[in-house]
Amino acid sequence: MDDKLKRDIILEHYQSPFHKGLVDNEMYIKINGKNASCVDNINVMVLFENNVIIDARFDGDACAICTSATSIMIKTLIGKTVEEASEIIVNYENMINEKEYDKEVLGELIVYDTVYKQPNRKNCALLPFKTMKEIINENNK
Ligand code: ZN
C-alpha cells in the first residue's frame with residue numbers, strides 16, 4: 001500500500017467515521033479513553049454476544065489519527081471473536097511500537113505502519129486499542 005492510499009484511507013475515516021454516535025443501550029460495555037498529550041477524548045461502546053463482538057460504536061473529540069484509528073478498529077473488529085480481536089490488538093500494538101507483527105491479521109489497520117516515525121502520534125493511534133482492551137477485560141469479568 002503506498003503512502004497516498006494510506007493517507008486517503010485515514011482522511012476518509014476521519015471525515016466520515018464508521019459507527020460514530022453512541023446508542024442508549026445498557027447491554028453495551030462503554031469506556032472512556034483520554035490522551036494527556038493530545039485532545040483525544042473518546043467513548044467506545046461494545047456489544048458482545050457469545051464471545052463475539054457483534055457491535056461497536058464511539059463518539060468524542062479526537063485528532064485525525066485517533067478518530068480514524070477508532071473508526072477503522074471498530075470496522076475491523078465487528079464480527080470477530082474476543083480471541084481474534086485480541087490477536088489483532090497485539091499485532092497492531094507491536095506495529096506501532098516497532099516490534100515484529102503479522103500484517104496479515106491487520107487488514108486496513110496497516111495504514112498506520114509508519115506512525116512510529118512521529119513518536120508524539122503513537123498514543124493517538126494506540127488510544128482506541130487501549131480502550132478496547134479495557135472493554136474486553138471488563139467483558140471477561
Ligand atoms: Zn491525538
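These values consider heavy atoms only, across backbone and side chains, with no hydrogens, waters or symmetry-generated copies. Numbering of ligands and ligand atoms starts at 1, following listing order.
Take the N/O/S atoms of D40: the one nearest the Zn ion (ligand 1) is OD2.
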(request) Evaluate the criterion salt bridge (charged side-chain N to carboxylate O under 4.0 Å, His left out) for residue pair K4 and D8; output intermediate values, then yes/no. (result) CA-CA 6 Å; K4 183 183 180 305; D8 286 349; 2.7 Å; yes

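Taking 2.8 Å as the criterion, C66 does not count as a coordinating residue of the Zn ion (ligand 1), since none of its N, O or S atoms falls below it.
T70 places none of its side-chain heavy atoms less than 4.5 Å from the side chain of M132.
In this structure, the separation between CE on M73 and CG on L126 is 11.5 Å, given to the nearest 0.5 Å. Rounding to the nearest 0.5 angstrom, the gap separating the CZ atom in F18 from the CD1 atom in I74 is 8.0 Å.
In this structure, SG of C63 and SG of C124 enclose an angle of 110° at the Zn ion (ligand 1), rounded to 10°.
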